[in-house]
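Okay, structure first, notes after.
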Amino acid sequence: MKVRYYKLNIREIIILVLLLLFMFNGAIINTYPIFAYIDDFAIIAIILATIIKIIKDKGKLRLEKNEKNILLCYILIYMLGILGNISSQFQNNKIAILLDMLSWTKFFIAYICLVNIINPKRVDAYYDYLIKIGKILIIIGVILEILNLFTDIKLVDGYEKYGLKAFSLGGHPAFTSAILAGFTSILLVEPKRNKIWIIFGLLLAAATLRSKAIAYVCLVIYALIFLRKNINIIKILMLGILVIAVGWTQIQYYFLNENATRARALNISLKIATDYFPTGSGFASFGTNMSGKYYSKAYEKYGLSERWGFTEENYSYVSDGGWATIIAQFGYIGTIIFLCMLIFLILSIKDRVYGKNNYIVPYIALIGYVLISSTNETAFSSNYAVFYGILLAIIALKTINKGRKGTSIEKYEEKC
């Protein structure tokens, strides 16, 4: 197989530099706090690039029907959120509200913008360089993990499980598991060609010892065996049983134990959604980093302000609620709208890709990780959400390109 090289323009170099910063964001933000906002800068840049393209092309941006539906859902979410802020008065800091509003655009909007503005002729360049970066990351990871297992290099402290030391590229192992899951998902576009890299990517993800990473590994293995070409109800039920079985201990501990922080946050989110029906409590009011940094009055009202990880001085557990955040901030109606957005996203991918290449494992892997993570963190507005939106757009466009060449995944790989 010939190694392909592409001459990159300035915009593409900037995008690749941003991706590198995403990879090691967890390691550098403690030293350089400004990089904690790299994802916010990235989504602003993506939105501005889309606006420039629309102006340049005289408004000829052609969104798919379901992409328009997602944008409509966003309008409804913003209406609910703003009305919720007015109703609850839990958060009155305008900076907090604006930053939280921006954070909720990261995953869906990054995908919609990039899948429409990336030049299809340049997709192979993006894809190939992403693959190279992913492989370099895995090589570095394997070396560090070997040292981590047999020496005391202190990759991260305090996250040991099962008598093993957790693997991390700096910062919380959960961020490392997200980055590894993202690169493994794009490697899955060509599974035969990248078999050994996928195996090591999954092993490193599992080595973070996060339950979500282990569930992701099980999901990918299951998808490669049973979901390569099609999905039906029986396969989905079997997958659901597998994920629940793998995560049952964590489910019991975090969600069925009334004293557990996540169970408490979920119960309170339901109270907030009921008390402030139909809008919820609004942006930056519950379960987000902004609601902790610009301390929300909700925590005092609902008895969380004295709980470890929810205090004004230490709000480290605030954003661990997952769907509890959506339920509280946008209410029951907003939660239904978010579920609709997920359905529209899947339908959008289906409309763009179906018939060109029916190989669906990369989509299952990437979206699957977001859904798994959303059970215990604000995955749709997380610091890796933009990264996942970028990956999803490139996977979709790469698949379309293959379909235009008239080759199936197997035939394509045989040629490589």
Of the non-hydrogen atoms in C73 and M341, which two are nearest, and what is the gap between them?
CB-CG, 3.3 Å
Quick one: does any side-chain atom of Y384 pair with a main-chain N or O of A379 as donor and acceptor, under 3.5 Å?
no
Say whether E306 and Y299, considering side chains only, have a donor N or O and an acceptor N or O under 3.5 Å apart.
no
Beyond-backbone contact of I360 with I364, side-chain heavy atoms, under 4.5 angstrom
yes
Can you give me the closest heavy-atom contact between V115 and A393, atom names plus distance?
N-CB, 3.8 Å
Is there a donor in the side chain of Y315 and an acceptor in the side chain of S291, or the other way round, less than 3.5 Å apart?
no
So, for L202 and V217, which heavy atoms are closest and what is the spacing to 0.1 Å?
O-CG2, 3.4 Å
For Y363 and T399, does a side-chain donor sit closer than 3.5 Å to a side-chain acceptor?
yes
What are the two closest heavy atoms between A365 and V220, and how far apart are they?
CB-CG2, 4.0 Å
Do W104 and I77 come close enough that some side-chain heavy atom pair is under 4.5 Å?
no
Between L149 and E145, is a side chain to side chain contact (heavy atoms under 4.5 Å, CB included) present by the stated rule, with each step listed?
CA-CA 6 Å; L149 289 173; E145 176 58 5; 3.5 Å; yes
Separation between NZ (K65) and CG (L63), nearest 0.5 Å, reads 13.5 Å
More than 12 heavy atoms from other groups under 6.0 Å of CZ on F200
no
Does a side-chain heavy-atom distance below 4.5 Å link M79 with I75?
yes
Only counting residues at least two apart or in another chain, list the ones meeting ring-ring contact (aromatic ring centres under 6.0 Å, His included) with F167.
none
Does the side chain of D40 come within less than 4.5 Å of K106's, by heavy atoms?
yes
CA sep, side-chain torsions, deciding dist, call: M101, I82, side chain to side chain contact (heavy atoms under 4.5 Å, CB included):
CA-CA 9 Å; M101 290 174 69; I82 292 169; 4.2 Å; yes
For side chain to side chain contact (heavy atoms under 4.5 Å, CB included), just list the numbers for N85 and T279, CA-CA rounded to whole Å, side-chain angles, deciding distance to a tenth of an Å, and then say yes or no.
CA-CA 9 Å; N85 286 118; T279 61; over 6 Å; no
Are S269 and W323 side-chain neighbours, meaning at least one heavy-atom pair lies under 4.5 Å?
no
dist I349:CD1 -> F344:CZ (nearest 0.5 Å) comes out at 14.0 Å
For the pair N66 (side chain) and N69 (backbone), establish whether a donor and an acceptor sit closer than 3.5 Å, ignoring hydrogens and angles.
no
Might you point out which heavy atoms bring F286 and T325 nearest each other, and give the distance in Å?
O-CG2, 3.1 Å
With sequence neighbours excluded, what pairs up with Y222 under the ring-ring contact (aromatic ring centres under 6.0 Å, His included) test?
F226
Yes or no on side-chain hydrogen bond (donor to acceptor under 3.5 Å, both in side chains) for S373 and Y216, after CA distance, side-chain angles and deciding distance?
CA-CA 9 Å; S373 296; Y216 170 79; over 6 Å; no
Residues L209, I214; criterion side chain to side chain contact (heavy atoms under 4.5 Å, CB included); working and verdict:
CA-CA 7 Å; L209 305 182; I214 295 170; 5.7 Å; no
Rounding to 0.5 Å, atoms CD1 (I118) and NZ (K53) come to a distance of 11.0 Å
Counting only N and O atoms by type, is there a donor-acceptor contact under 3.5 Å from the side chain of T208 to the main-chain atoms of A205?
yes
Student check: side-chain heavy atoms of N116 and Y111 closer than 4.5 Å
no
Check for a donor-acceptor pair, side chain of S381 on one end and backbone N or O of S103 on the other, with a separation under 3.5 Å.
no
Residues N194 and L187: closest non-hydrogen pair is ND2-O, 3.1 Å
Under a 3.5 Å distance rule, please check whether N267 uses its side chain to pair with a backbone N or O of A263 as donor and acceptor.
yes
Greater than 12 external heavy atoms within 6.0 Å of Y317's OH:
no
Under the ring-ring contact (aromatic ring centres under 6.0 Å, His included) test, which residues partner Y276, sequence neighbours left out?
F90
pair F380-I326: side-chain heavy atoms closer than 4.5 Å:
yes
Rounded distance [0.5 Å steps], CD1 in I343 versus OG in S348
13.5 Å
Going by distance alone, is a donor N or O of one side chain under 3.5 Å from an acceptor N or O of the other, for Y369 and S177?
yes
D100 and Q329: side-chain donor and acceptor closer than 3.5 Å?
yes
Side chain of Y388, backbone of F107: donor and acceptor closer than 3.5 Å?
no
Pairing donors with acceptors under 3.5 angstrom, does anything connect the side chains of E190 and Y127?
yes
In Å, rounded to the nearest 0.5 Å, how long is the span from CG of L80 to CD1 of I337?
5.0 Å
Measure the spacing between CD1 of I138 and OG1 of T184 and express it to the nearest 0.5 Å.
5.5 Å
Side-chain heavy-atom pair I186, K398 within 4.5 angstrom cut-off:
no
Is it the case that more than 12 heavy atoms not belonging to E300 sit under 6.0 Å from its CD atom?
no
Just do the side-chain hydrogen bond (donor to acceptor under 3.5 Å, both in side chains) check on D275 and Y302 with the steps written out, would you?
CA-CA 11 Å; D275 292 347; Y302 289 93; 2.7 Å; yes
Hey, is CD1 on I44 packed in by over 12 heavy atoms from elsewhere, all under 6.0 Å?
yes
